[in-house]
S.K.: 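Okay, handing you the structure first.
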Amino acid sequence: MAELRYQKAIGRALEDAMTADPTVILFGEDVAEAGGSFGATKGLREKFGAARVFDTPISEAALAGAAVGAAVSGLKPVLEIMFMDFTTLVMDALVNQAAKARFMFGGRCAVPLVLRTPHGGGLGAGPQHSQCLEAWFAHVPGLKVVCPSDPVSAYGLLRAAIDDPNPVIFVENKSLYASKIDAPDELPAFEVGKARIARPGADVTIVTYGGALRTALAAADALAGEGVEAEIVDLLSLQPWDEATVLASLSRTHRLVVMHEAVEAFGVGAEIAARMADIGFDELDGPIVRVGAPFMPIPFSKPLERAYMPSVENLVAAVRRTLA
Amino acid sequence: MAELRYQKAIGRALEDAMTADPTVILFGEDVAEAGGSFGATKGLREKFGAARVFDTPISEAALAGAAVGAAVSGLKPVLEIMFMDFTTLVMDALVNQAAKARFMFGGRCAVPLVLRTPHGGGLGAGPQHSQCLEAWFAHVPGLKVVCPSDPVSAYGLLRAAIDDPNPVIFVENKSLYASKIDAPDELPAFEVGKARIARPGADVTIVTYGGALRTALAAADALAGEGVEAEIVDLLSLQPWDEATVLASLSRTHRLVVMHEAVEAFGVGAEIAARMADIGFDELDGPIVRVGAPFMPIPFSKPLERAYMPSVENLVAAVRRTLA
Amino acid sequence: MTRPKPKATTGVPTGRNNPSEISRDHLADLYGRLLTIRRAEERLQKLFADGEVPGFIHLSIGQEAVSVGVMDALRDADTIASTHRGHGHAIAKGMALEGFFAELLARDEGVCRGRGGSMHVADMKIGMLGANGIVGAGLSIALGSALAHKTRGTNDIAVAFFGDGAQAEGLLHECLNIAALWKLPLLFVCENNGWGEFLPTTKHLAFQLGDLAAAYRVPHTRVDGNDVVAVQAAAHRIVEAMREGAGPMALECVTTRVRGHFEGDAQKYRDPDELAALAALDPVRRVADQLAALGLGAAALEAIDAGVAQKVEAAVAHARTGTDPSFEAACADVYAEGGRA
Amino acid sequence: MTRPKPKATTGVPTGRNNPSEISRDHLADLYGRLLTIRRAEERLQKLFADGEVPGFIHLSIGQEAVSVGVMDALRDADTIASTHRGHGHAIAKGMALEGFFAELLARDEGVCRGRGGSMHVADMKIGMLGANGIVGAGLSIALGSALAHKTRGTNDIAVAFFGDGAQAEGLLHECLNIAALWKLPLLFVCENNGWGEFLPTTKHLAFQLGDLAAAYRVPHTRVDGNDVVAVQAAAHRIVEAMREGAGPMALECVTTRVRGHFEGDAQKYRDPDELAALAALDPVRRVADQLAALGLGAAALEAIDAGVAQKVEAAVAHARTGTDPSFEAACADVYAEGGRA
Ligand SMILES: Cc1ncc(C[n+]2csc(CCOP(=O)(O)OP(=O)(O)O)c2C)c(N)n1
Ligand SMILES: Cc1ncc(C[n+]2csc(CCOP(=O)(O)OP(=O)(O)O)c2C)c(N)n1
Ligand SMILES: [Mg+2]
Ligand SMILES: [Mg+2]
């Protein structure tokens, strides 16, 4: 056992993947010499050399397209987009090229690329440096989307993403970079598409992912004080997502709350809720309540940003509402 | 009364808006001399001149950014993006600039722009020329999204979109361009955010929009033959959407099916379903069933494309399922 | 403040279209390949008119010499990224006519199993990374492929085909810059047919590719793109230099779009004289005339044509007997399986 | 095939920094404005260190002469689109220090009511269309603003500020092409400080702006961006020509990024000698020296400084007494109301 930081877990996953597979390359703005905006790629340039780890010009669209071209030409590129807000510049490469190549070329190629990108607020970074846009990618057939919630899942899912023969969007919640966990020396493998029960409980199911897991755990503690035992499902993968685990939990608790940091309306939670309102309908004893950010850009001011971010109180209130 | 074609209704709305307001300008690839890929803007260049109606280079990103810049500088730009699949190239201008400017600049400006773009399959146009991506835009605070279902609503909503002081994504379903309707000479006004009951019925609520409305009407006819009277809510606006009208209908029928041409997973229907599974929970007597495209790119082959497109049969089966 | 003088437009280099530069056999071979594309597209034209081809198609009739000339200098391991007007590129790179026609007719036997169609013909095995429905997108895909060639230490090269209209896309700039900065083996091939959809590219562009390329010190060559001898000569010289590590280069081929933007476009917006002049610029006829001048008899030429026509007909027949693709198989191919690609 | 000769890098024009070109009063005025930006940002630096400014900030210390010099040639109705490093642009365009500091301190009294912060300071009333968190985005916003000026028939101009690193974005190419094609009154101002984040821009770029602009026949001027007299002289000449319909122009200002990419960046990746040399290039000190040489006494200079410092302190004090923005008001401002904008 040793303490593992989220940011280091990312670096270690990259290091191990690059050691295991010489076709893995890593590029993005300031990932090499500077070691990444959040320090996750420090030391990799020194270890693997400039041919496999390199800095790029500020040309996101070309870089993402290049990742597709490299992926269909025998490499496994890992591209970092500095903030998820900047994925607005790479949608064509991801959606029209990466996601569709295998299908539209008759199943005769694979596009094994990983796009790592940080999302989330709380840093006062304002409306163009804080967005959680994962719902867009989850809507695109051909893409996979994962979002780890702690250092161990970050390591395991990044290894799985790099091993995956499909394009994977790997979303890193900024508030987690500094988080730590006691981890075994041999880190466990994770599978894309599998959720886990982060906390068992009999009274209500809370489905969440990424940085919001901590909020959910805190809310569960608060609820336990009121005699309500919440079961928390940590999705880990958003596309595909683990319908079976969510349904099984709902079948035990009969109440469902879905929570995430992203804007509630048309967010990932909408799909979870909609699906359970269909296949889980007979299990439901109360309304499905969602907790997400309000329908507004992320404000700069700290008090505004705090009011914006989905909170323990929001979640507790949501649980109370579905139990009422 | 006179026959009105959808495509002509678009042209007439543009013509009337440009006549009414000299700050309205129209630009895009081949909208001026050629009159638009689907012929909707024919004659406008001749009528309003090259300073207000003009063709552009193939530079979608710059054009969308320019629409934002023009909108905050006193004009009301209407930009055409030839296929919705190409909005992948303009996400930054729409999402990080247009949607946020008013909010992030303290409510001290408005961004009155309209982006017109066609979506939808059925033409054998393949995976990169057929996508329905409206769910992305509906997830973005600051944007509005509308999708008319016939010539009269196309006219009314396009006028409303141009009049709106906010950025509006105006989605035109390709299968509707050639559709006609008998319309009054004085076309009625429409309001962004208001749905309409396209068919009254007591047994089940079908919520839909755009080109899928015709499928829904056909399914309702088929269901009527089985003694099931479906009420059809034509959303018209997707962001904001008319929650009150949907809830009121659900409160009458107690059964809900949501249908659209876009991919089902993480689509617009997910939000409608999720919301009703919350605020409409007590009204529900059966599962909320969604009908949308399967999770795959849109195939080129006609038989594949037909199998891909949500059909009358799919919808009838969905209604039967929630009534079972 | 210095206002730069408008440079005189680089004229199309002449003197390259000297068929004596290459052997008669080589020229005859090029002719057969030109003719294959031509006859295939003419056949498609008819199939399209007859409703056998779904969707819409962009023919490269009049531009075949670009595909054949450039591909003459490439080998299988070299990669190309193509455009919406990609039939010629695909066939010239080695796509079998059977799989090509089967794709255009949306058959399971098609190169993309009927899922992609005209705008997405692709075959990774021969380095054809795909036609593309997104103008400009192929540029960055070729950039990545060039990066892969360099990273893997081969001396293969990547080629990005793009139209003159596509030059207004920002990706051109990003890719030129990155390719130049990283000295990637990326050949930029502009098919300058003077049109971007229904507008002459003089209304799209305020620059010439040669001037733009010069800014990044990317060597630029402009040739008569309807002269296959000129195109192949330039391509061979360029590709040879690139294999030796010269870095990115640009080849601009001035050519002619004969059949309009897509099939069904009557080109009413074009000057009738300009349209009438197209026949004289025909890149296929030109080679036929050259071969005749070199002593290849009419019978020999006709034999080539007949051979091509037969192959085309056989491919069409094969495609027609093909099966409809399976929806289940299509669904199963959205994702590749397995944790190790 | 001709390999273009690398052009000699245009040296920074000299002879423009002759203060006698402008009046002493004008120079003193420029000095006051330079100093306002400098003292405001120095104050911010401290406020940031003290935890009073949330988020992160990019200071333009060392680059003030670009803002002041360019804006000297503009009027209120001219519009500018700025960058992530936009404090200087905002203040030079006329943003009141009260609203500026209140914004940076996230107060309801801020120009953006505390919702935007450093990267989004804006004020449409004075033609400041916003700092921008997206590198390159301002280019297309300025393009649209220039289009609006032209469509409305004014002779106002739009200015796009962008960093040297931003030049790798495709938008630069798209905007240069469109502005040139449509002859828009758009001035491209590159603040070439040699760095894009933590990498010298030699590792970002394979081209010089002058060579790129030449491809579109956009006149390009390169000046010492730390010499406010040179910048304003060039700006006045350019803007005058543009008001008369000359079309787009480019002004490249070679300048110095003193405080690192953002506050807190210790610039350990930079050569210590290069950092030590920055003081000698200081654009504010330079004007002070010039004014002294022109006979302005130390007391007069100090009086200017004291006046600026006092205004800055007053603005900070005002900002500090400001209120937290209201969440309800923020929610209500996501959309503008009314069917007629
Ligand atoms: C990003 C994008 N924008 C617009 C289109 C529509 N479109 C298809 S082809 C074309 C013109 C391309 O012109 P050019 O690059 O010269 O190629 P050509 O058709 O002449 O071969 C346009 C605008 C598209 N497919 N993709
Ligand atoms: C689209 C986008 N990509 C990346 C970034 C991150 N980023 C912020 S500033 C910057 C460097 C910009 O360099 P330059 O344009 O030279 O401006 P300078 O910081 O030197 O003023 C980068 C990469 C961003 N904000 N937006
Ligand atoms: Mg062309
Ligand atoms: Mg810089």
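None of these values were measured; they are calculated from a predicted model.
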S.K.: Heavy-atom distance under 4.5 Å to chain B: side chain of Leu171(D), backbone, both or neither?
M.R.: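 When you check distances to chain B, only side chain atoms of Leu171(D) fall under 4.5 Å.
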S.K.: Looking at every non-hydrogen atom in both residues, tell me the closest pair between Gly106(B) and Asp333(D) and how far apart they are.
M.R.: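 Minimum heavy-atom contact is O-OD2, 3.7 Å.
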S.K.: Which atoms of Ile25(B) come close to chain D, meaning under 4.5 Å heavy atom to heavy atom: side chain ones, backbone ones, both, or neither?
M.R.: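 Just the side chain, heavy atoms under 4.5 Å.
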S.K.: Enumerate by number any residue of residues 54-64 of chain B whose heavy atoms lie under 4.5 Å from heavy atoms of chain D; in the absence of such residues, state 'none'.
M.R.: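 If one takes a 4.5 Å heavy-atom cut-off, the residues of residues 54-64 of chain B near chain D are Phe54(B), Asp55(B), Thr56(B), Pro57(B), Ser59(B), Glu60(B), Ala61(B), Ala62(B), Leu63(B).
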S.K.: Nearest 0.5 Å, what's the CZ-CE distance between Phe105(B) and Met128(D)?
M.R.: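 That separation rounds to 7.5 Å.
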S.K.: Can you name the closest pair of heavy atoms from Gln97(B) and Asn132(D) and give their distance?
M.R.: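 Taking Gln97(B) first and Asn132(D) second, the nearest heavy atoms are OE1-ND2, 2.9 Å.
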S.K.: As a quick check of understanding, evaluate side-chain contact (heavy atoms from CB on, under 4.5 Å) for Asp123(D) and Arg108(B), giving each step before the final call.
M.R.: CA-CA 8 Å; Asp123(D) 187 350; Arg108(B) 288 175 177 134; over 6 Å; no
S.K.: Between chain B and each of Asn177(D), Leu147(D), Thr151(D), Ile134(D), count heavy-atom pairs under 4.5 Å; write down the option with the most.
M.R.: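 Sorted descending by pairs with chain B, the first entry is Ile134(D).
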S.K.: Taking atom NZ of Lys150(D) and atom OG of Ser73(B), what is their separation to the nearest 0.5 Å?
M.R.: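 OG of Ser73(B) is found 15.5 Å from NZ of Lys150(D).
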S.K.: Which one wins on heavy-atom pair count under 4.5 Å against chain B: Thr79(D), Leu181(D), Val111(D), Asp156(D)?
M.R.: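 If we count pairs closer than 4.5 Å to chain B, Val111(D) comes out on top.
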S.K.: Return the minimal non-hydrogen interatomic distance between Leu75(B) and Arg152(D), and the atom names on each side.
M.R.: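 Residues Leu75(B) and Arg152(D), closest heavy atoms: CD2-CG, 3.7 Å.
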S.K.: Do you know which two heavy atoms are closest between Val334(D) and Pro141(B), and how far apart they sit?
M.R.: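 It is CG1-C, 4.0 Å.
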S.K.: Would you say the side-chain atoms of Asn166(B) pair up with the backbone N or O of Ala336(D), donor to acceptor, closer than 3.5 Å?
M.R.: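 Confirmed, Asn166(B) side chain pairs with Ala336(D) backbone.
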S.K.: Using the test side-chain contact (heavy atoms from CB on, under 4.5 Å), find all partners of Gln239(B) that sit at least two apart in sequence or belong to another chain.
M.R.: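 Phe266(A), Phe295(A), Ala138(B), Val145(B), Tyr335(D).
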S.K.: Give, as side chain, backbone, both or neither, the part of Ala330(D) having an atom under 4.5 angstrom from any heavy atom of chain B.
M.R.: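 Both parts, backbone and side chain.
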S.K.: side-chain contact (heavy atoms from CB on, under 4.5 Å) for Met104(B) and Cys112(D)? Distances and angles first, verdict last.
M.R.: CA-CA 6 Å; Met104(B) 78 184 165; Cys112(D) 304; over 6 Å; no
